[in-house]
Amino acid sequence: MKAVVVHGNRDVRVDEVPDPVPGEGEVLLALEWGGICGSDISYWRHGGTGTAVLRHPMVLGHEVAGRVAGLGPGVSGVEVGQPVTVHPAELVGEHAYPEGRSNLHPHVRYFGSAAFDPHTDGGFSEYRTVPVGQLRPLPDGVSTQQGALAEPLGVALHAVNRAGSLRGRTVLVNGAGPIGALVVAAAKHKGASAVVAADLAASSLEIAKRMGADETRDLSAQSLPEDVDISFEASGAPAAIGPVLRATARGGTVVQVGNLPGEPAPAALGDLVTREITWTGSYRFADEITDALTALAEGLDVTPLITHTYALTQAAEALAVAADRTTGSSKVLLHLSE
């Protein structure tokens, strides 16, 4: 079969690799769609992401959906042909973590991650075997293309959940890239009364508006709003933290969604202290990918986010477009099967 394999910096290839065979408790998936994430871009650009460094060639991709193509021994409750997406995290070993917060487990094998050696191959391939417990069936009316966006929508819903109830609250989303735009949609879905999206790119702001933003701010010419109840910092830019704290109302909440690992983040922490702002982190998700599928079935529309689609064989071009915001790209998808 064909697979998108990163071999090193700026070296991604479509390789022929052996067809996988499902083992005990595993399902064989015929994958249809895969979304390119910032970590995929980082592996391609830098040979790593955060503290995970590429040591061997690895199949990219953790935002995927497709159909069940075969069942391994001991698998029941799943049908061949069933459309599914995948929870890409597999917990390794027995460790304590707060109840309901499996995303804080200290050792996780994640699709398309070099955090462990050997690495964990991702799903940018024609087929992949997956433990049956990591499957998430797609509800009626949710396509596999939409299902490929359930993982990043789960990230956005987790961030929204970290802020508590949004019903009737005013919200700022700073950074309108793919995750920021999904936070906009998630906030509206959760009942926010008004959502302001801020970014430097006009194309990103237009997408955020189509995803439900009530107002947009072009930060090349405008400033952030004042006194919003809840702010989501989704740009990952260290210089953004101070202005986002200042934009948040006294007693309000800032959820840190974006981050640039290793980058220093100076901020005027006086605002954090004197305004008694709650500043909280948000990391991946626990099982909000399931909530994302429910939201999609209820009508949350992610299609404005999809700006480009490419065949699996065009993976190098797709990564370059996804990495270049001057192209107007937001979520770039690979069509993994013909």
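When a residue number appears, it is its place in the shown sequence, counting from 1. None of these values were measured; they are calculated from a predicted model.
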Going by the rule ring pair (Phe, Tyr, Trp, His ring centres under 6.0 Å), which residues pair with [X] if we only count those two or more places apart in sequence or in a different chain?
{"X": "Trp33", "result": "His335"}
{"X": "His46", "result": "none"}
{"X": "His119", "result": "His56"}
{"X": "His107", "result": "His95"}

To the closest 0.5 Å, what do you measure between CZ (Arg109) and OG1 (Thr120)? 4.0 Å

Nearest 0.5 Å, what's the OG1-CD distance between Thr303 and Gln145? 8.5 Å

According to a hydrophobic-cluster definition based on side-chain heavy atoms being under 4.5 Å apart (Ile, Leu, Val, Met, Phe, Trp, Tyr only), do [X] and [Y] belong together?
{"X": "Val5", "Y": "Val53", "answer": "no"}
{"X": "Val27", "Y": "Val21", "answer": "no"}
{"X": "Val130", "Y": "Leu71", "answer": "yes"}
{"X": "Met58", "Y": "Phe116", "answer": "no"}
{"X": "Ile277", "Y": "Val196", "answer": "yes"}

For Asp117, is the CG atom crowded, meaning more than 12 foreign heavy atoms sit under 6.0 Å from it? yes

Kindly check if the number of other-residue, nucleotide or ligand heavy atoms within 6.0 Å of CZ (Arg217) is above 12? yes

Give the minimum heavy-atom separation between [X] and [Y], together with the two atoms involved.
{"X": "Val84", "Y": "Val68", "value": "CG1-CG2, 4.2 Å"}
{"X": "His7", "Y": "Pro57", "value": "ND1-CG, 3.5 Å"}
{"X": "Leu166", "Y": "Ile230", "value": "CD1-CD1, 3.8 Å"}
{"X": "Ala315", "Y": "Leu334", "value": "CA-CD2, 4.0 Å"}
{"X": "Ser231", "Y": "Thr248", "value": "OG-OG1, 2.9 Å"}
{"X": "Val78", "Y": "Val132", "value": "CG2-CG2, 3.6 Å"}

Side chains of [X] and [Y]: does their closest heavy-atom pair fall under 4.5 Å?
{"X": "Leu153", "Y": "Leu296", "result": "yes"}
{"X": "Val321", "Y": "Tyr310", "result": "yes"}
{"X": "Leu312", "Y": "Val14", "result": "yes"}
{"X": "Leu182", "Y": "Val155", "result": "no"}
{"X": "Val108", "Y": "Val92", "result": "no"}
{"X": "Leu157", "Y": "Lys190", "result": "yes"}
{"X": "Ser39", "Y": "Tyr110", "result": "no"}
{"X": "His158", "Y": "Asn103", "result": "yes"}

Can you tell me which residue pairs pass the ring-ring contact (aromatic ring centres under 6.0 Å, His included) test with a partner in residues 71-94, sequence neighbours excluded? His87-Phe285

Would you please test Asp199 and Arg325 for salt bridge (Lys or Arg N to Asp or Glu O under 4.0 Å) and show each step? CA-CA 12 Å; Asp199 202 286; Arg325 295 192 75 185; 3.3 Å; yes

Run the salt bridge (Lys or Arg N to Asp or Glu O under 4.0 Å) test on Asp301 and Arg210 for me, step by step, so that the C-alpha distance in whole Å, both residues' side-chain angles and the decisive distance to 0.1 Å come before the verdict. CA-CA 9 Å; Asp301 185 11; Arg210 293 172 61 198; over 6 Å; no

Pair Arg250 + Asp271, salt bridge at N-O below 4.0 Å: no

Would you please test Lys331 and Glu63 for salt bridge (Lys or Arg N to Asp or Glu O under 4.0 Å) and show each step? CA-CA 11 Å; Lys331 182 55 68 176; Glu63 303 174 7; 2.9 Å; yes

Leu28: which other cluster members, linking ILVMFWY side chains closer than 4.5 Å, directly or transitively? Met1, Val17, Tyr127

Does either side chain, that of Arg67 or that of Thr144, offer a donor lying less than 3.5 Å from an acceptor on the other one? no

Do Ser330 and Thr307 have side-chain atoms, one donor and one acceptor, less than 3.5 Å apart? no

What pairs with [X] under side-chain hydrogen bond (donor to acceptor under 3.5 Å, both in side chains), at least two apart in sequence or on another chain?
{"X": "Ser282", "answer": "none"}
{"X": "Ser143", "answer": "Gln146"}
{"X": "Ser329", "answer": "Thr327"}
{"X": "Asp287", "answer": "Arg136, Thr290"}

For residues 220-227, tabulate all N or O donor-acceptor pairs below 3.5 Å that involve a side-chain atom, not counting sequence neighbours.
unit_1: Ser220; atom_1: OG; unit_2: Asp218; atom_2: OD1; d: 2.6
unit_1: Ser220; atom_1: OG; unit_2: Asp218; atom_2: OD2; d: 3.3
unit_1: Gln222; atom_1: OE1; unit_2: Asp218; atom_2: N; d: 2.8

Please evaluate residues Thr85 and Val64 with respect to the criterion side chain to side chain contact (heavy atoms under 4.5 Å, CB included), reporting the C-alpha separation (whole Å), side-chain torsions for both, the decisive distance (0.1 Å), and the verdict. CA-CA 6 Å; Thr85 187; Val64 294; 5.6 Å; no

Would you list the atom pairs, donor with acceptor, under 3.5 Å between side chains in residues 168-179 and any protein atom, with sequence neighbours excluded?
unit_1: Thr170; atom_1: OG1; unit_2: Asp229; atom_2: N; d: 3.0
unit_1: Thr170; atom_1: OG1; unit_2: Asp229; atom_2: OD2; d: 3.2
unit_1: Asn174; atom_1: ND2; unit_2: Glu233; atom_2: OE2; d: 2.8

